[in-house]
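As structure tokens, the structure follows; a few thoughts come after it.
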Amino acid sequence: MDMKLLILDRDGVINHDSDAYIKSLEEWIPLPGAIEAIARLSRAGWTVAVATNQSGLARGYYDLPTLEAMHARLRQMVAEQGGEVGLIVHCPHGPDDGCDCRKPRPGMLKAIAAHYGLPLAGVWFVGDSSGDLEAARAVDCQPVLVKTGKGQRTLAKTLPAGTLVFEDMAAVADHLLS
Ligand SMILES: O=P(O)(O)OC[C@@H](O)[C@H]1O[C@@H](OP(=O)(O)O)[C@@H](O)[C@@H](O)[C@@H]1O
Ligand SMILES: [Mg+2]
Ligand SMILES: [Zn+2]
């Protein structure tokens, strides 16, 4: 049976986002229901991976140890609910660095699929920004928009064809587990 892979954006999907970036562990605050949703999916056999832009590193707003502390906290909170988080991939670059990993480029999605040896076609990628949805489209993933974080702003724009829209991560989990 094919492994069930779900890929999530981080800021605005798992935790609150800020236009001032999430610059410290104290600023990294899970969104209501998000940790529970990830744990529920994981316990049901889903592999939950994360693909996140972190240009704040290139901008000097925070350093790698701080970023890793946020991801350790995420793993700890999901583990406390009996679940686990899979591979977390981040793009450390700035918008002008021309990398392949910064969304809307799909490099992180490709890296996650390669890590698990799985095809990307149809894999759900849940995000709150247009770049997330465009990255999904670029590699034939299923673009999924949640209304948390920047999701409401994104909803006001034209969405890629076939984008699915949910209130939040809890609603995504409810759908996938129904
Ligand atoms: O949503 P993910 O990919 O997990 O992370 C988004 C963050 O890296 C930051 O991305 C920035 O965009 P620029 O990188 O400055 O274009 C801004 O949108 C910030 O508000 C946001 O916190
Ligand atoms: Mg986001
Ligand atoms: Zn990059």
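All residue numbers refer to positions in the sequence shown, counting from 1. In listed order, ligands and their atoms are each counted from 1.
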> If you count the atoms of ligand 1 from 1 in the order shown, which ones are under 4.0 Å from a heavy atom of Arg102?
Replying inline: 13 (P), 14 (O), 16 (O)

> Which part of Asp17 is near ligand 1, with near meaning a heavy atom under 4.0 Å away: side chain, backbone, both or neither?
Replying inline: side chain

>> Applying a heavy-atom cut-off of 4.0 Å, say which part of Ala51 lies close to ligand 1: side chain, backbone, both or neither.
In response: neither

>> Could you check whether any side-chain N or O of Glu27 sits under 3.5 Å from a backbone N or O of His16, counting only pairs where one atom can act as donor and the other as acceptor?
In response: no

> Can you give the angle Cys91 SG - the Zn ion (ligand 3) - Cys101 SG, rounded to 10°?
Replying inline: 120°

> Given Leu57, Asn53, Val50, which one has a non-hydrogen atom that is nearest to atom 5 (O) of ligand 1?
Replying inline: Asn53

> Between Trp28 and Tyr62, is the ring centre distance below 6.0 Å?
Replying inline: no

> His90 near ligand 1, heavy-atom distance under 4.0 Å?
Replying inline: no

> In Asp9, the N, O or S atom nearest to the Mg ion (ligand 2) is which?
Replying inline: OD2

> Do Arg10 and Ile22 have side-chain heavy atoms sitting under 4.5 Å apart?
Replying inline: yes

> Is Lys150 salt-bridged to Asp9, going by a charged N under 4.0 Å from an acidic O?
Replying inline: no

> Within a strict 4.5 Å, meaning less than it, do heavy atoms of the Thr154 and Leu159 side chains meet?
Replying inline: yes

>> Taking only non-hydrogen atoms of Ser18, do any sit less than 4.0 angstrom from ligand 1?
In response: yes

>> Minimum distance, heavy atoms only, to atom 2 (P) of ligand 1: which one of Asp128, Asp9, Leu8 is it?
In response: Asp9

>> Looking at the Mg ion (ligand 2), is there an N, O or S atom belonging to Asp128 that lies under 2.8 Å away from it?
In response: yes

> From the Mg ion (ligand 2) out to just under 2.8 Å, does an N/O/S atom of Asp11 turn up?
Replying inline: yes

> Does the distance from a Lys or Arg side-chain N to an Asp or Glu carboxylate O, for Arg40 and Asp174, drop under 4.0 Å?
Replying inline: yes

> Can you name the N/O/S atom of His93 that is nearest the Zn ion (ligand 3)?
Replying inline: ND1

> For residues Asp11 and Gln54, is any side-chain donor paired with an opposing acceptor at under 3.5 Å?
Replying inline: yes

